[in-house]
Participant: 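What follows is a structure written as structure tokens; I'll ask about it next.
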Amino acid sequence: MNFEKLLEHPVEKFAKHFRRRDPFVLFQHIPKTAGTSVTQAMREAFPPYYNIFTDGQPPVRGNDPMVDATERFLTAHDKTPFCSASGHLKPKHLKMIREHIPETRVFTFLREPVDRVISDYNYACSPTHPPHEAFIERYPTIQVYVESKGQQNKMWNFLIGEEYSEAAVEKIFRRYLFIGLVESLDEDFQFLSGLQGTPVALTKRANVTQATSEQEAEITPELRQRIAETNSADCALYEVVSKALADKRSEMTEFVKSGCKVRPNLRRA
């Protein structure tokens with residue numbers, strides 16, 4: 001039961017298989033991909049829900065506070081099982097959770113890569129981001145940020161973190177339950193939540209970054225082109241997923257319109 005099978009099989013069969021498996025649903029929140037809106041809706045769609053987050057304390061092991069946050073979640077889950085969770089989780093954190101909860105199924109959302117980079121930079125420069133002053137000192141302009149290899153292809157690195165290839169894309173499609181798009185956020189989440197029987201509509205977009213006029217003036221066509229060049233893996237992945245969803249869109253839409261009903265005599269996907 002994964003994104004590859006969703007694209008290959010009728011939606012209704014995929015949903016029936018999902019309901020039989022009753023999986024633990026995990027949202028991998030890539031920065032600036034409407035994650036706050038999604039996590040709010042998850043509380044209604046897949047309760048009980050757990051937010052995996054770092055607490056600002058120095059890491060107990062190594063230098064990755066998200067490892068500690070993941071371990072806290074797994075300890076809490078052992079005491080009182082949850083049906084869903086989310087966090088800024090990278091492949092090693094997903095591996096920890098999958099090994100501990102074998103029925104885990106992961107979904108995520110992608111965003112048009114150039115827009116995501118711009119939004120990510122603007123957010124990190126804003127007072128909403130606690131260490132924004134240190135960030136601005138390190139990246140005084142978006143041009144400096146765009147040229148930093150550590151900030152490039154963030155979506156791709158969250159999902160797999162290896163060299164871009166068709167084989168790697170296929171691996172992603174087999175590892176993930178669903179990959180949606182921010183540009184079709186509400187309909188994609190209604191479809192995803194509808195797999196368990198009742199589609200949930202998202203509320204108004206939350207935590208939307210508002211750029212200052214100074215920041216807006218920096219975004220030229222040449223800069224957008226450079227962002228695309230330095231985030232080529234993100235752009236390629238976004239294009240592949242967009243095409244795959246476009247081919248499946250009408251079937252997904254009809255499934256939601258039908259009330260996400262599944263006929264009992266269908267064979268499993």
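Any value given below was found using the heavy atoms of this structure, including those in side chains, with hydrogens, waters and symmetry copies removed.
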Participant: Can you confirm whether more than 12 heavy atoms, excluding those of K248, are under 6.0 Å from its NZ atom?
Facilitator: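 Correct, the count exceeds 12.
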Participant: By side-chain hydrogen bond (donor to acceptor under 3.5 Å, both in side chains), which residues pair with N51, not counting sequence neighbours?
Facilitator: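 None.
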Participant: Take K243 and D247, measure what salt bridge (charged side-chain N to carboxylate O under 4.0 Å, His left out) needs, and give me the verdict at the end.
Facilitator: CA-CA 6 Å; K243 175 63 166 58; D247 293 342; 2.8 Å; yes
Participant: State, to 0.1 Å, how close S193 and A45 come at their nearest heavy-atom pair, and which atoms those are.
Facilitator: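 Smallest heavy-atom distance, with atoms named: CB-CB, 3.8 Å.
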Participant: Do V114 and Y238 have side chains that get closer than 4.5 Å, going by heavy atoms?
Facilitator: no
Participant: So which atom in I97 and which in L26 form the shortest heavy-atom distance, rounded to 0.1 Å?
Facilitator: CD1-CD2, 3.8 Å
Participant: Hey, can you tell me if F107 and F109 have their rings parallel, tilted or perpendicular (30° and 60° cut-offs)?
Facilitator: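 Perpendicular.
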Participant: State which residues pass side-chain hydrogen bond (donor to acceptor under 3.5 Å, both in side chains) with E4; sequence neighbours excluded, sorted by chain then number.
Facilitator: none
Participant: Look at the aromatic rings of F46 and F189 and report parallel, tilted or perpendicular, splitting at 30° and 60°.
Facilitator: perpendicular
Participant: For the side chain of R19 and the backbone of L195, is there at least one donor-acceptor N/O pair under 3.5 Å apart?
Facilitator: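 A pair under 3.5 Å: yes.
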Participant: At their closest point, which heavy atom of F178 faces which heavy atom of F3, and how far apart are they?
Facilitator: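 Nearest pair, atom of F178 first, then F3: CA-CD1, 3.8 Å.
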Participant: How about CD on E103, more than 12 heavy atoms from neighbouring residues, nucleotides or ligands closer than 6.0 Å, or not?
Facilitator: yes
Participant: Please say whether more than 12 non-hydrogen atoms of neighbouring residues, nucleotides or ligands are located less than 6.0 Å from CD in E147.
Facilitator: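 Counting other residues, nucleotides and ligands, CD of E147 exceeds 12 neighbours.
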Participant: Side chains of residues 154-161: which donor-acceptor partners sit under 3.5 Å, not counting sequence neighbours?
Facilitator:
from: K154; atom 1: NZ; to: D120; atom 2: OD2; distance (Å): 2.9
from: K154; atom 1: NZ; to: Q151; atom 2: OE1; distance (Å): 3.0
from: W156; atom 1: NE1; to: E162; atom 2: O; distance (Å): 2.5
from: N157; atom 1: ND2; to: Q152; atom 2: O; distance (Å): 3.3
from: N157; atom 1: ND2; to: N153; atom 2: O; distance (Å): 3.1

Participant: Taking the six-membered ring for Trp, is the centroid-to-centroid distance between F24 and F73 below 6.0 Å?
Facilitator: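 Between F73 and F24, which both carry aromatic rings, the centre distance is below 6.0 Å.
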Participant: Give a yes or no on whether E133 atom CD has more than 12 heavy-atom contacts from other residues, nucleotides or ligands under 6.0 Å away.
Facilitator: no
Participant: For residues L110 and I30, report the shortest heavy-atom separation together with the two atoms involved.
Facilitator: CD2-CD1, 4.1 Å
Participant: Per the salt bridge (Lys or Arg N to Asp or Glu O under 4.0 Å) rule, what does the pair list look like for residues 175-203, sequence neighbours excluded?
Facilitator: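 Found E187-R249, D188-R249.
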Participant: Crowded around F53 CZ? As in, over 12 foreign heavy atoms under 6.0 Å?
Facilitator: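 No, the 6.0 Å shell around CZ holds no more than 12 heavy atoms from other groups.
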Participant: Has H29 got a side-chain atom pairing as donor or acceptor with H88's backbone, closer than 3.5 angstrom?
Facilitator: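 Checking the backbone N and O of H88 against the side chain of H29, no donor-acceptor pair under 3.5 Å is found.
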Participant: Quick check, are the ring centers of Y139 and F135 under 6.0 angstrom apart?
Facilitator: yes
Participant: More than 12 heavy atoms of other residues, nucleotides or ligands under 6.0 Å from CD of E239: yes or no?
Facilitator: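 No, not enclosed.
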Participant: Can you name the residues that form a side-chain hydrogen bond (donor to acceptor under 3.5 Å, both in side chains) with T70, not counting sequence neighbours?
Facilitator: none
Participant: Quick one: are S84 and F27 in side-chain contact, heavy atoms under 4.5 Å?
Facilitator: no
Participant: Return the set of residues passing side-chain hydrogen bond (donor to acceptor under 3.5 Å, both in side chains) with H93 (not counting sequence neighbours), or none when no residue passes.
Facilitator: D64
Participant: Consider only side-chain N and O atoms of S148 and R138, and report whether a donor and an acceptor are under 3.5 Å apart.
Facilitator: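 Their side chains do not contain a donor-acceptor pair, so the 3.5 Å distance test is not met.
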